[in-house]
Amino acid sequence: MIEYGGDLAVKSYLFADPFTRPVSFAHREYAVIDPTWDHRAACDLCADHAWMRDRVAQIDEALHGRGRPLAPAADYLDLLAEVDPKGH
């Protein structure tokens, strides 16, 4: 939100759990590692990141009005203000 603007908050969701409002971002609970940059063997990556396929399907369902409603970042801007990677 800091880099691209708060107007995107209504269209932004946490990939780790886009269906609930987070309570905090302590201890990196919602951190998701991008496997693109992981140089481990493909079989290891598939095992560790298999949950992502299901998450993408869940988000697709929600965006098409067939799944659980998504919790947009606009609902927790107060929490996002506490997580500033540039130290503002």
Side-chain angles (χ1 to χ4, degrees):
M1 298 302 111
I2 293 167
E3 190 169 336
Y4 296 106
D7 58 322
L8 296 175
V10 296
K11 298 178 181 181
S12 299
Y13 312 92
L14 288 173
F15 188 78
D17 183 359
F19 304 106
T20 59
R21 183 190 188 281
V23 176
S24 79
F25 291 111
H27 311 293
R28 300 179 46 87
E29 291 101 338
Y30 295 92
V32 175
I33 306 302
D34 181 354
T36 305
W37 310 110
D38 194 326
H39 299 290
R40 292 181 293 153
C43 60
D44 293 334
L45 290 175
C46 287
D48 287 351
H49 299 284
W51 67 274
M52 288 183 166
R53 179 183 304 271
D54 291 334
R55 181 53 40 96
V56 170
Q58 292 168 343
I59 292 170
D60 179 66
E61 289 289 313
L63 291 174
H64 288 95
R66 296 186 302 265
R68 295 169 33 198
L70 298 169
D75 290 354
Y76 47 88
L77 287 176
D78 56 324
L79 292 174
L80 291 174
E82 298 173 14
V83 184
D84 183 349
K86 295 180 182 176
H88 293 119

Donor-acceptor pairs are to be reported for all side-chain atoms of residues 70-80 against protein atoms at under 3.5 Å, with residues two or more places apart or in another chain.
residue	atom	partner	partner atom	Å
Asp78	OD1	Arg21	NH2	2.9
Asp78	OD2	Arg21	NH2	3.2

Out of curiosity, does [Y] fall in the hydrophobic cluster containing [X] (side-chain heavy atoms, cut-off under 4.5 Å, transitive links)?
| X | Y | result |
| --- | --- | --- |
| Phe19 | Val32 | yes |
| Leu14 | Met52 | no |
| Tyr30 | Val23 | no |

For this session: Decide yes or no for Pro18 and Arg55: does some side-chain heavy atom of the first lie under 4.5 Å from some side-chain heavy atom of the second?
Result: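 The answer is yes, as the side chains (C-beta and beyond) meet within the 4.5 Å cut-off.
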Problem set entry | Co-members of the apolar cluster containing Tyr4 [side chain, <4.5 Å] |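 Noted: Tyr4 shares its cluster with Leu8.
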Exercise. Using links of under 4.5 Å between side-chain heavy atoms of ILVMFWY residues, direct or through other members, which residues join Val10 in one cluster?
Worked result: none
Problem set entry | Residues which pass side-chain hydrogen bond (donor to acceptor under 3.5 Å, both in side chains) with His39, listed by chain and number, not counting sequence neighbours | none
For this session: Could you list the residues that satisfy side-chain hydrogen bond (donor to acceptor under 3.5 Å, both in side chains) with Asp44, not counting sequence neighbours?
Result: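 So Asp44 forms no side-chain hydrogen bond (donor to acceptor under 3.5 Å, both in side chains) with any residue.
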For this session: Could you tell me the separation between the NE2 atom of His64 and the CD1 atom of Ile59, rounded to the nearest 0.5 Å?
Result: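 Answer for the NE2-CD1 pair, His64 versus Ile59, is 12.5 Å.
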For this session: Measure across Arg28 and Ile33 and return the closest heavy-atom pair with its distance rounded to 0.1 Å.
Result: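 The answer is NH2-CD1, 4.2 Å.
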Exercise. Which residues satisfy the side chain to side chain contact (heavy atoms under 4.5 Å, CB included) test with Asp34, sequence neighbours excluded?
Worked result: Thr36, Trp37
Exercise. So with a 6.0 Å cut-off around CZ of Arg66, is the heavy-atom count from everything else above 12?
Worked result: yes
